[in-house]
Amino acid sequence: GLGDVYKRQVTNGIFGLFYAAANNTCQNTAVPGDAFLLIAIRIAASAKTQVAIYPHNNAIYMRSWNGKTWTTWRQI
């Protein structure tokens, strides 16, 4: 039921908001050096997703963790 789903989300799910200004030195980004906002979502230990919003090119990118590796950034 909905209560079970809510309990799982509270136990396993978490998210965070992060940002970096232009000319940043962050590694493994969708567009190196450009300013972005990152939404990091953890559904479970082996299920994670990152969504990056880039205002310079009006684009959003996504990648996921499968428990072993990150997928390639993909524009969505």
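For clarity, every value in this text was computed on a predicted model and none was experimentally measured.
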Quick one: list whatever passes side-chain hydrogen bond (donor to acceptor under 3.5 Å, both in side chains) with Y54, sequence neighbours left out.
-> none

Flag yes if F18 and F36 sit in one hydrophobic cluster, no otherwise; membership is Ile, Leu, Val, Met, Phe, Trp, Tyr, and two members link when side-chain heavy atoms are under 4.5 Å apart.
-> yes

Cluster overlap W65 with I76, hydrophobic side-chain contacts below 4.5 Å | no

Hey, what do you get for OG1 (T49) to CZ (R42), rounding to the nearest 0.5 Å?
-> 12.0 Å

Could you tabulate the donor-acceptor pairs under 3.5 Å formed by side-chain atoms of residues 56-64, not counting sequence neighbours?
from, atom 1, to, atom 2, distance (Å)
H56, NE2, D34, OD2, 2.9
N57, OD1, A59, N, 3.3
N57, ND2, Y61, OH, 3.0
R63, NE, Q50, OE1, 2.8
R63, NH2, Q50, OE1, 3.0

How many angstroms lie between CG in L17 and CG in L38, if you round to the nearest 0.5 Å?
-> 8.5 Å

Under 6.0 Å from the CG atom of N66, do we count more than 12 heavy atoms belonging to anything else shown?
-> yes

Determine, using the 4.5 Å side-chain heavy-atom cutoff (strictly less than), whether I53 and I41 are members of one ILVMFWY cluster.
-> yes

Where do N24 and C26 come nearest, in terms of heavy atoms and distance?
-> OD1-N, 3.1 Å

Inter-residue atom distance N28.CG - W73.CH2, 0.5 Å rounding = 9.0 Å

